[in-house]
Visitor: 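The structure that follows is given in the form of structure tokens.
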Number of protein chains: 4
Amino acid sequence: MERAERKEKEFHRRRTDILGQAEKVFAAKGFYGTTVAEIAGASGYAVGTIYHFFEGKEDLFTAMITEKMEAMYSEIRRAAEREKSTTGKIRALVSAQFRFVEKNREFCAIFIRRERTVFSEGNDALKKKIIVDYMDHISYLESVLSEGVSGGFLRQIPPRSTAFALAGMINSFIVSWMYTPGDEPLSSKADSLLDIFLKGAGIHEL
Amino acid sequence: MERAERKEKEFHRRRTDILGQAEKVFAAKGFYGTTVAEIAGASGYAVGTIYHFFEGKEDLFTAMITEKMEAMYSEIRRAAEREKSTTGKIRALVSAQFRFVEKNREFCAIFIRRERTVFSEGNDALKKKIIVDYMDHISYLESVLSEGVSGGFLRQIPPRSTAFALAGMINSFIVSWMYTPGDEPLSSKADSLLDIFLKGAGIHEL
Amino acid sequence: MERAERKEKEFHRRRTDILGQAEKVFAAKGFYGTTVAEIAGASGYAVGTIYHFFEGKEDLFTAMITEKMEAMYSEIRRAAEREKSTTGKIRALVSAQFRFVEKNREFCAIFIRRERTVFSEGNDALKKKIIVDYMDHISYLESVLSEGVSGGFLRQIPPRSTAFALAGMINSFIVSWMYTPGDEPLSSKADSLLDIFLKGAGIHEL
Amino acid sequence: MERAERKEKEFHRRRTDILGQAEKVFAAKGFYGTTVAEIAGASGYAVGTIYHFFEGKEDLFTAMITEKMEAMYSEIRRAAEREKSTTGKIRALVSAQFRFVEKNREFCAIFIRRERTVFSEGNDALKKKIIVDYMDHISYLESVLSEGVSGGFLRQIPPRSTAFALAGMINSFIVSWMYTPGDEPLSSKADSLLDIFLKGAGIHEL
DNA sequence: GATGAATGAGGTTTCATTCAT
DNA sequence: CATGAATGAAACCTCATTCAT
């Protein structure tokens, strides 16, 4: 079965090729502004060939978003899991996400755009998937924060709210970085973020 | 000039009518998923009539977003200005935005979608406008926070970062509320948000 | 009936006004490139008002062409009739047409364009009218030339052919003048034309 | 490269097909009266297919006119070049044009209509091309006539005027033939034309 | 398996014409 | 009578998808 295996691998390589090129084009022009012909051109295949790998433009887009998004979330989770302490986990979480954004600007440009408009007649599969995965991610943050609360490292606040707060802050720092053409790495802002998240903006008298 | 005035008013009323109906359709189907015919149908006018009020679909969309967005930001600002203390301003700011979202679910669904894809050949006028206005809003938050820092009510942290953190938290609470079909009003979360923002999530020993 | 008469006159004045302005716009943009709104704007009336004077855009165009065309042909004919001799008539004919063109560049720009495309479903009324009037004009030329033949001033050639030849030469001189931005008056070419028409381009040995 | 060559040829054949069908439709209904759908229908292709061959309706029209017009002029020129004497050249010129018209009634119906109205915003490329080519043709006639003058076969008249006169006569004979539903071939009129052109209509006493 | 020419549904926009004011 | 806002039919063009080679 060597032969079949190689074929399989070849197939996968090409698919990944296309996905990568598609990402660039989608990032530059948006879902509706991109034509299948452009993706074909960019990836060096014929239009028809694209349809051997994906059922259609929408499917291609969905696959691209889904796979990268899952990679992102699992990368973040893996980074957090490597840490023991709650604060270590949070720090790892933030750093991992920031690093991912730095390495995947194009994807994030699309992702932030949240271009998951209702597609063909009620096909909001992607929309739902994105929300579900996002909520799963929030739940993961929640579990980490919960641990911190029980461990006495975090204040007794409903951890879901805290999770949303943390996610929002992370997201906001990302957006700020993407829209501001500064040259500081995003990662350098992680400490600042953590400081605000953990200590708050207010003054606490002793 | 009574006559002309009344006409002017009528014109404005109809324009607003169309804008309102368009908002609903755009919210449900996205910019590209919506046809001008649908907007016409929803607002009870003929297709051609839409073109008396707007130069095209894009112009209509831009007008809708722009006008409501500006209303939102100024509403928030006005609410903050009514308060004296920094914390009062922040609270007012958050509450005002939450109330706006509750009253304008549909607009916010679009706005959060950030559907400002590349339009016709380099027309990213709307995109730029949204970013500029957002950055202006951030700057406003920054100025409020700066005051708090000089007044000794807020910690000495670069206020721009704090502003992004605050904006991110607000946004995240909004998204959470919009995607979770709970029936609690968003406004009820304002205190929780403020608590996290001001005191942070961590425990601070005395 | 003073009142009715004045009204009648007023009506006619406005109609002529519109026709004159329409001529300019049509000359500049062609029939299909011109909108009724433009004609209305140019003539200082409202769109609806145009429809009090003409049944529609096509009718307006037809009226404009028809009336001016008839004026042109009758002007030419009148000028010829004032002369006695055949050559005098021919010379008068050519001069009159050249003068008309000089005074009505805009109209002639349209007329030469022969924009009488098939209009709405078989309405080639204008097309036919133009051809019929042209043929009538040719027949008139023919009659003048016939006289010249019987009088022994012109060679015995089928006068219809000669008429077409003459008309063609005149037309060609006009086109040449209109497309060439020289500043010599068209009228100055009349003698040259007559010379070629009467004596031919060849050398005739005695 | 056999394969690519055959494809190239196929492409050209289809393009020519479409051009030919378009010519008929344009001749019958004019540029604005013709829809792309009609051209598609007439040539047996789908609407979209037309756009593989031409950039748009205007481009299609321009291509059709341009190519045929150039063919016409070069055909005429080639015919003239085959002759030695000036009169031979003139006769060949006239005959060639007449034969072309007989074989291309439809094209000539369009061409004579001079339907080159102002197209999209200042695109008078076609208009200019037609004028330039016409003037080139006139210049060619002029050169032929010049030769005749130097050779002593033609009178000493400014050859440009004579060229316009000749072109006008030819054109007029064509128009006459096209509008008159007689069944005599146009070619049969060539001698008559030459006779008038060379000897003139007047009587020259010895 | 790869290709890319062909398809045609569907969208945006224009504009002649009408008719209530 | 004059007006000009409203109408809606109709046209051009794009582009995702298919399928014969």
Side-chain angles (χ1 to χ4, degrees), chain A residues 7 10-11 14 31-41 44-61 119-120, chain B residues 3 6-7 10-11 14 32-41 43-60 120, chain C residues 7 10-11 14 31-41 44-61 119-120, chain D residues 3 6-7 10-11 14 32-41 43-60 120:
Chain A
K7 261 197 174 167
E10 189 54 23
F11 181 87
R14 291 179 194 195
F31 179 76
Y32 290 97
T34 299
T35 68
V36 175
E38 277 170 324
I39 296 172
Y45 293 99
V47 176
T49 310
I50 302 290
Y51 283 81
H52 286 307
F53 293 92
F54 304 95
E55 280 172 35
K57 186 186 177 186
E58 204 178 299
D59 178 49
L60 167 52
F61 186 72
F119 285 143
S120 46
Chain B
R3 176 72 170 280
R6 209 170 339 164
K7 260 201 173 163
E10 255 305 284
F11 180 87
R14 285 168 208 211
Y32 291 98
T34 299
T35 69
V36 175
E38 277 169 327
I39 296 172
S43 46
Y45 291 100
V47 176
T49 310
I50 302 293
Y51 286 83
H52 284 309
F53 293 92
F54 304 96
E55 280 170 37
K57 188 188 175 185
E58 200 179 303
D59 177 50
L60 168 51
S120 49
Chain C
K7 262 199 174 165
E10 189 55 23
F11 181 88
R14 290 180 194 195
F31 179 76
Y32 290 98
T34 299
T35 68
V36 175
E38 277 170 325
I39 296 172
Y45 293 99
V47 176
T49 310
I50 303 291
Y51 283 83
H52 286 307
F53 294 92
F54 304 95
E55 281 171 36
K57 186 188 177 186
E58 203 179 297
D59 176 49
L60 167 51
F61 186 73
F119 285 143
S120 46
Chain D
R3 177 73 169 280
R6 207 169 344 162
K7 260 199 174 165
E10 256 305 284
F11 180 88
R14 286 169 206 209
Y32 290 98
T34 299
T35 69
V36 175
E38 277 170 326
I39 296 172
S43 46
Y45 291 100
V47 175
T49 309
I50 303 293
Y51 286 84
H52 284 309
F53 294 92
F54 304 94
E55 279 170 38
K57 188 188 175 184
E58 200 179 304
D59 177 50
L60 167 51
S120 48

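To find a chain, count down the sequence lines: A is the first, B the second, and so on, and within it residues start at 1.
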Visitor: What is the distance from CD of B:E55 to C1' of E:dT13, rounded to the nearest Å?
Guide: 13 Å
Visitor: For A:I50 and D:I50, find the nucleotide of DNA chain E closest to each by heavy atoms; which residue's nucleotide sits nearer the 5' end?
Guide: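 Result: A:I50.
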Visitor: Would you say a side-chain N or O of B:T49 is under 4.0 Å from OP1 or OP2 of F:dT7?
Guide: yes
Visitor: Measure across A:A40 and A:A46 and return the closest heavy-atom pair with its distance rounded to 0.1 Å.
Guide: CB-C, 3.9 Å
Visitor: The side chain of B:Y51 lies closest to which of these nucleotides: F:dC13, E:dA16, E:dT14?
Guide: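 In terms of side-chain proximity for B:Y51, the closest of F:dC13, E:dA16, E:dT14 is E:dT14.
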Visitor: Should C:R14 be listed as having a side-chain N or O under 4.0 Å from OP1 or OP2 of F:dA2?
Guide: yes
Visitor: Looking at C:Y32, C:F31, C:F54, which hits ring-ring contact (aromatic ring centres under 6.0 Å, His included) with C:F61?
Guide: C:F31
Visitor: What integer distance in Å separates A:Y32:OH from F:dA16:C1'?
Guide: 12 Å
Visitor: Identify, between C:G48 and D:T34, the residue whose nearest nucleotide on DNA chain F lies closer to the 5' end.
Guide: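 Looking at DNA chain F, the more 5' nearest nucleotide goes with C:G48.
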Visitor: Please report the interatomic distance NZ(A:K57) to OG1(A:T34), rounded to the nearest 0.5 Å.
Guide: 6.0 Å
Visitor: Over how many whole Å does the gap from A:E38 atom CD to E:dG4 atom P extend?
Guide: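 Going from CD in A:E38 over to P in E:dG4 covers 17 Å.
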Visitor: Which dot-bracket string describes DNA chain F (Watson-Crick N1-N3 plus N6-O4 or O6-N4, or G-U N1-O2 and O6-N3, all under 3.5 Å; [ ] crossing; | other strand)?
Guide: .||||||||||||||||||||
Visitor: Closer to the 5' end of DNA chain E via nearest nucleotide, is it A:V47 or B:V36?
Guide: A:V47
Visitor: Kindly check if the number of other-residue, nucleotide or ligand heavy atoms within 6.0 Å of CD (A:E10) is above 12?
Guide: yes
Visitor: Select one nucleotide: of F:dA6, E:dA2, E:dA6, the one nearest the side-chain heavy atoms of D:F53.
Guide: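 For D:F53, the side-chain atoms sit closest to E:dA6.
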Visitor: NA contact type, D:F11, heavy-atom cut-off 4.0 Å: base, sugar-phosphate, or nothing?
Guide: nothing
Visitor: Got a second to check how far A:I50's CD1 is from A:L60's CG, nearest 0.5 Å?
Guide: 7.0 Å
Visitor: Please determine whether a side-chain nitrogen or oxygen atom of B:T35 lies at a distance below 4.0 Å from atom OP1 or OP2 of E:dG11.
Guide: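 Answer no for this pair, as no side-chain N or O of B:T35 is under 4.0 Å from OP1 or OP2.
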Visitor: What I want to check is whether an N or O donor and acceptor connect the side chain of D:H52 with the base of E:dA5 at under 3.5 Å.
Guide: no
Visitor: Return the value, rounded to whole Å, for the distance between atom NZ of D:K57 and atom P of F:dC12.
Guide: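 The answer, rounded to whole Å, is 4 Å.
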Visitor: First locate atom CZ of C:F53, then atom CG of C:D59, and finally report the distance between them rounded to the nearest 0.5 Å.
Guide: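 CG of C:D59 is found 13.0 Å from CZ of C:F53.
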Visitor: Give a yes or no answer on whether the side chain of C:T49 reaches the backbone of C:Y45 with a donor-acceptor pair at less than 3.5 Å.
Guide: no
Visitor: F:dT3, E:dG8, F:dT17: which one has an atom nearest the side-chain heavy atoms of C:A46?
Guide: F:dT3
Visitor: Return the NE2 to CZ distance between D:H52 and D:R14, rounded to the nearest 0.5 Å.
Guide: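 D:H52 NE2 to D:R14 CZ: 11.0 Å, rounded to 0.5 Å.
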Visitor: How many Å lie between CZ on D:F54 and P on F:dT14, as a whole number?
Guide: 15 Å
Visitor: Whole Å only: how far is the CD atom of D:E58 from the C1' atom of F:dC12?
Guide: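 So the CD-C1' distance, D:E58 to F:dC12, works out to 12 Å.
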Visitor: What is the distance, to the nearest angstrom, from the NZ atom on D:K7 to the P atom on E:dG4?
Guide: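 Spelled out: NZ on D:K7 to P on E:dG4 is 6 Å.
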Visitor: In this structure, how many angstroms lie between the C1' atom of F:dT17 and the CG atom of A:L60, rounded?
Guide: 14 Å
